[in-house]
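Every number for a ligand or one of its atoms is a count from 1 in the order of the listing.
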Amino acid sequence: MTAPTETTSIRATLPRTGRPKDELLRELEAAKAHDIDFKHGRVAGMVYLAPDDVYQVQREAYMAYFSENALSAKAFPSLGRMESEIVEMAGSLMHSPDPAGSVTSGGSESIFMGVKIARERARALQPHITEPEIVMPFTAHAAFTKSAYLLGLKSIRVPVGPDYRVRIEAMRAAITDNTVLIVGSAPSYPFGMIDPIPELAALAVEHNISCHVDACVGGFFLPWLERLGRELPAWDFRSPGVTTISADLHKFGYTAKAASLILSRDQEVFEYQPYTFGDWPSGIYRTPNVTGTRPGGPIAAAWAVLNYLGEEGYLRLTRETVGFVERLWAGINATPGLRVRGEPVMPCFAYEPADPDLDIYAVADGLEARGWWVYRERQPKGIHLMLSWGHGAYVDRYLADLREVVEQVRREGRAGTAKAASYN
Ligand SMILES: *Cc1c(COP(=O)(O)O)cnc(C)c1O
């Protein structure tokens with residue numbers, strides 16, 4: 001018997017006769033043995049660690065809608081209602097005057113829809129544009145360039161300033177007669193800094209084009225941070241030119257994968273989101289997203305978790321997370337040779353060498369040898385962390401390992417391996 005994680009040279013084929021369920025489930029459990037131990041904080045990112053009770057709500061609500069299909073709100077009005085309520089709750093959290101949007105499969109799909117809306121909107125408002133372009137900070141998520149590629153737009157990345165936020169003048173200079181969309185992140189994935197959204201949105205108004213705020217990571221964190229007293233720029237629909245926002249439920253909304261939101265400022269903008277086609281044998285096909293069939297599980301789980309936690313629950317999780325992240329930042333800055341990069345606003349950030357002789361990739365190697373999953377950043381060199389509530393219990397252990405590894409690397413003057421910062 002071969003576990004799916006083991007490499008074999010024999011191509012898999014269907015078994016001639018079906019195998020017993022218990023054996024398969026045992027094999028699935030055993031197959032996880034070689035995966036990263038995310039439950040004990042070994043990976044920062046990919047899995048967002050919620051308290052156990054929240055995880056149970058995710059799981060049970062997901063299973064309650066395991067088979068339902070959100071493709072048709074006529075067949076499953078319950079899912080249609082839940083989706084509308086999620087959009088309305090998130091829309092008011094992000095100060096939309098008239099919330100509209102949909103639940104997507106993830107941040108990448110939300111961004112794709114944001115780019116699609118901008119392209120369609122420009123076709124209507126700026127019909128002279130035949131070769132549309134997107135202008136974005138260098139730090140914008142790769143999904144924007146992927147979407148531009150898939151939708152036939154040109155993608156232009158603008159360098160960021162010394163504080164890792166994009167300079168408004170640099171963005172202005174990159175705008176051409178073909179620009180249909182200006183992008184800003186709240187905050188950016190690589191460094192956790194918020195771009196100057198009010199100024200970017202004003203630039204979009206000036207050119208009568210769209211402005212998308214990527215709040216995939218910040219959408220369900222920044223509102224609570226502000227309520228805890230942190231002053232932030234108007235990163236959401238409070239800035240009048242912001243037309244769309246992407247916000248991941250499956251990140252700091254602590255809901256089950258796959259769930260994200262694409263939100264439009266109002267119905268006028270939302271109109272450009274759905275795709276409709278009727279000239280085939282089966283009549284009118286209208287979908288708001290890329291996908292057709294959509295699992296009910298993620299929508300039911302998101303609806304349940306939002307209602308289970310409520311404002312109080314999110315505030316508590318955010319307060320506790322900020323507490324341990326500030327401790328981690330202080331610990332990194334107190335480690336000779338290291339510093340936190342810039343001034344991040346969230347548990348999504350990078351750290352870097354404060355001493356030019358310290359090879360941060362050697363630190364990465366040392367952490368990996370101790371069982372931590374490490375994301376190497378390349379431009380500039382650094383180590384990236386995306387921490388969620390459940391990482392709080394592992395911060396001291398991480399810091400202790402980090403200090404020992406850095407000491408050793410400095411003592412031995414070791415060089416590291418420049419492995420790609422990749423997911424695969
Ligand atoms: C995670 C993330 C995305 C992409 O989201 P997926 O759910 O992985 O597709 C986009 N932008 C930012 C800022 C992110 O953190």
Next item on the list: Could you label the plane-to-plane angle of the Y275 and F277 rings as parallel, tilted or perpendicular, counting under 30° as parallel and over 60° as perpendicular?
Entry: parallel

Note to self: Angle between ring planes, Y375 versus W373, binned at 30° and 60°: parallel, tilted or perpendicular?
What the structure shows: perpendicular

Strictly by modelled atom types, are [X] and [Y] linked by a side-chain donor-acceptor pair under 3.5 Å?
X    : Y    : answer
S246 : S110 : no
Y189 : D214 : no
Y65  : S78  : yes

Item checked: Nearest protein heavy atom with distance in Å, relative to atom 14 (C) of ligand 1 -> K251 NZ, 2.8 Å

Item checked: Nearest neighbour in protein (non-hydrogen) for atom 6 (P) of ligand 1 ->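 For atom 6 (P) of ligand 1, the nearest protein heavy atom comes out as G107 N, 3.4 Å.
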
N/O separation below 3.5 Å, [X] to ligand 1:
X    : result
Y189 : no
S108 : yes
D214 : yes

Notebook entry, point to check: For ligand 1, which atoms have a heavy atom of H250 less than 4.0 angstrom away?
Noted result: 7 (O)

Check: Against heavy atoms of D248, which atoms of ligand 1 measure under 4.0 Å?
Finding: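 Those of ligand 1 that fall under 4.0 Å from D248 are 1 (C), 5 (O), 7 (O).
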
Check: Can you name the one residue among S260, P298, P288 that meets side chain to side chain contact (heavy atoms under 4.5 Å, CB included) with T104?
Finding: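 Among the candidates, only S260 passes.
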
